[in-house]
Trainee: 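Before I ask anything, here is the structure I am working with.
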Amino acid sequence: VTFATYWMPSLLSLLGVPFVWGPVGGGETVPTPFIATFSLRGRIYEKVRMMVHRLCEWNPFVVLTARKATIILASSPETHERISHLVAGKCAIASQVGIADHEFGELSVIPFKTSVPFRAFSAGILTHYKGYHLSLSAFAEFNKENPDSEYWIFGDGPERGRLQAICRDLGIEKAVTFCGQVKRGQYLAQISNCDVFLHPCLHESGGWAIAEALSAGRPVICLDLGGPSMQIEPLNGYKIKPHSPEYVISEMSRMMKYLAAHLEFRHSLSQNAISRIEQSYLWSKKGFMIATLYNDLLAH
């Protein structure tokens, strides 16, 4: 058991029994063109983070953990690539994200929202790599053509002041609400008032908030990176190739405009979002998958 990162060893691998390592993540990195959009603190953080990860790959206990593992589960394609530098031929990709069956039951019956205003929302710690400076710029473009629209951001963190300053510079401070840190139940209840979930995170191995939004039938717009990209497909949302900050902002704004203008299409995404979670992301389904994996390994 580790903190879900491939660059931290697990001495459980030394027990001499079949050992499943993972799902582990942490191999995701910010695409180079986006680093310049961060604050100084964010740029330093990312350089130190990458250096630490590469150094830890030389840790003999990390290498030993990988070699002793019967199978390794990587929570994203990027982590799978990094693990291939440690050991070959025993790594598979498996999302670490799941949602409790009872929570899914409560979220999946939230009515599809047809009322105005059109409201985007995000949830997570307000830090540089979450990319909210990108979604705010995209929303500003969208808001020009949809002046009654709103954007709610749930969560708090060190970048809140910078993000609020960006809102003032973009002239959208009245349309954007920083909801702060709220209790989980309060947040889930507020999803019924929202239309589309924006998740512009630049490196993440999971994406738990995405599973919650999809469970409630809210389409997701995210970047085609890490764990979030594994949950999104054309039938339940839209994932954007991280070619450049300008491209991401333009595409996110364009997709919001399309969803706001095409209610029937948004409704079809909503239904598919719920079905996708029910098929692959309930903890009951995850438990069955893991039990099957254990049985197969023991049988061989």
Trainee: With side chains defined as the heavy atoms from C-beta onward, is the minimum distance between H267 and Q271 less than 4.5 Å?
Mentor: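 Yes, close enough: below the 4.5 Å cut-off.
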
Trainee: Under the rule for side-chain hydrogen bond (donor to acceptor under 3.5 Å, both in side chains), what residues qualify as partners of E204, not counting sequence neighbours?
Mentor: K130, H199

Trainee: For the side chain of S75 and the backbone of P23, is there at least one donor-acceptor N/O pair under 3.5 Å apart?
Mentor: no

Trainee: Please list, chain by chain and in numerical order, all residues satisfying side-chain contact (heavy atoms from CB on, under 4.5 Å) with A66, sequence neighbours excluded.
Mentor: W21, I72, L86, V87

Trainee: Only counting residues at least two apart or in another chain, list the ones meeting side-chain hydrogen bond (donor to acceptor under 3.5 Å, both in side chains) with Y187.
Mentor: none

Trainee: By the side-chain hydrogen bond (donor to acceptor under 3.5 Å, both in side chains) test, which pairs, at least two apart or in different chains, include something from residues 208-221?
Mentor: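 Found R184-E212.
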
Trainee: Short question: side chain of N236, backbone of N272 - any donor-acceptor pair under 3.5 Å?
Mentor: no

Trainee: Specify the closest pair of heavy atoms between S270 and G217, including all atoms of both residues, with the distance to one decimal.
Mentor: OG-O, 2.7 Å

Trainee: Is the shortest side-chain heavy-atom distance between R266 and H262 below 4.5 Å?
Mentor: no

Trainee: Transitive ILVMFWY cluster of L11 at side-chain heavy atoms under 4.5 Å: who else is in it?
Mentor: L14, F61, L64

Trainee: Using the rule given for side-chain contact (heavy atoms from CB on, under 4.5 Å), can you reason through C194 versus W152, listing the C-alpha separation, both sets of side-chain angles and the distance that settles it, and then say yes or no?
Mentor: CA-CA 8 Å; C194 303; W152 289 359; 3.9 Å; yes

Trainee: Might you point out which heavy atoms bring P245 and L134 nearest each other, and give the distance in Å?
Mentor: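 Closest pair (atom of P245, atom of L134, distance): CB-CD2, 4.2 Å.
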
Trainee: Side-chain contact test, heavy atoms from C-beta onward, threshold under 4.5 Å: evaluate it for S149 versus F142 and give yes or no.
Mentor: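 Result yes, sub-4.5 Å side-chain heavy-atom pair found.
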
Trainee: Tell me the closest heavy-atom pair linking I210 and P228, and the distance in Å.
Mentor: CD1-CB, 3.4 Å

Trainee: Decide if the gap between the ring center of F197 and the ring center of F121 is smaller than 6.0 angstrom.
Mentor: yes

Trainee: Evaluate R254 against Y238 for side-chain hydrogen bond (donor to acceptor under 3.5 Å, both in side chains), listing each step before the verdict.
Mentor: CA-CA 11 Å; R254 182 183 69 82; Y238 184 63; 3.3 Å; yes

Trainee: Looking only at heavy atoms, which two atoms of S122 and Y132 are closest? And how far apart?
Mentor: CB-CE2, 3.5 Å

Trainee: Under 4.0 Å between a side-chain nitrogen and a carboxylate oxygen: does that hold for D195 and K113?
Mentor: yes

Trainee: So do the side chains of I99 and L214 get within less than 4.5 Å of each other, counting heavy atoms only?
Mentor: no

Trainee: For residues L225 and P242, determine if any side-chain heavy atom of one lies less than 4.5 Å from a side-chain heavy atom of the other.
Mentor: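 Yes, side chains in contact.
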
Trainee: Share the residues that join L55 in a hydrophobic cluster, the rule being Ile, Leu, Val, Met, Phe, Trp or Tyr side chains under 4.5 Å apart at the heavy-atom level.
Mentor: M51

Trainee: Would you call I83 and V24 a side-chain contact if the rule is heavy atoms closer than 4.5 Å?
Mentor: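 Sidechains of V24 and I83: in contact.
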
Trainee: Assess the side chains of S76 and T79: does a donor N or O sit below 3.5 Å from an acceptor N or O?
Mentor: yes

Trainee: Give me the atom names and distance for the closest heavy-atom approach of M255 to F265.
Mentor: CE-CE2, 3.8 Å

Trainee: Please check this pair: side chain of S280 against backbone of I277, looking for a donor-acceptor N/O pair closer than 3.5 Å.
Mentor: no

Trainee: If you look only at pairs with a residue in residues 60-69, which of them pass as a salt bridge (Lys or Arg N to Asp or Glu O under 4.0 Å), with sequence neighbours excluded?
Mentor: none

Trainee: Any donor-acceptor pair under 3.5 Å linking the side-chain atoms of S205 with those of Q96?
Mentor: yes

Trainee: Can you pull out every salt bridge (Lys or Arg N to Asp or Glu O under 4.0 Å) where at least one residue sits in residues 224-247? Sequence neighbours excluded, please.
Mentor: D224-K241, E233-R276

Trainee: Side chains of residues 283-300: which donor-acceptor pairs under 3.5 Å do they make with residues two or more places apart or in other chains?
Mentor:
from: S284; atom 1: OG; to: D101; atom 2: OD1; distance (Å): 3.4
from: S284; atom 1: OG; to: D101; atom 2: OD2; distance (Å): 2.7
from: K285; atom 1: NZ; to: E278; atom 2: O; distance (Å): 2.8
from: K286; atom 1: NZ; to: S95; atom 2: O; distance (Å): 2.8
from: K286; atom 1: NZ; to: V97; atom 2: O; distance (Å): 3.0
from: T292; atom 1: OG1; to: F288; atom 2: O; distance (Å): 2.8
from: N295; atom 1: ND2; to: A291; atom 2: O; distance (Å): 3.2
from: H300; atom 1: ND1; to: D296; atom 2: O; distance (Å): 2.7

Trainee: Anything under 3.5 Å between a donor and an acceptor, one on a side chain of residues 161-180, the other on a protein residue two or more places apart or in another chain? List them.
Mentor:
from: R162; atom 1: NH1; to: E159; atom 2: OE1; distance (Å): 3.2
from: R162; atom 1: NH2; to: T37; atom 2: O; distance (Å): 2.7

Trainee: Measure the CG-OG distance between N193 and S115 for me, rounded to the nearest 0.5 Å.
Mentor: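 Between atom CG of N193 and atom OG of S115 there are 8.0 Å.
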
Trainee: Test: salt bridge (Lys or Arg N to Asp or Glu O under 4.0 Å). Region: residues 52-65. Which pairs qualify, not counting sequence neighbours?
Mentor: R54-E57, E57-R82

Trainee: If you define the side chain from C-beta out and look only at heavy atoms, does anything of N146 sit under 4.5 Å from N143?
Mentor: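 Contact flag for N146/N143 side chains = no.
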
Trainee: Taking only residues two or more places apart in sequence, or in another chain, which ones meet E46 in a side-chain contact (heavy atoms from CB on, under 4.5 Å)?
Mentor: V30, F38, R49, H128, Y129, H203

Trainee: Looking at P219 and V196, what are the two nearest heavy atoms and their distance?
Mentor: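 That closest heavy-atom pairing would be O-CG2, 3.4 Å.
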
Trainee: Do side-chain atoms of T5 reach the backbone of G25 as a donor and acceptor pair under 3.5 angstrom?
Mentor: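 Not at all, since once roles are kept as given, no pair shorter than 3.5 Å links the two residues.
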
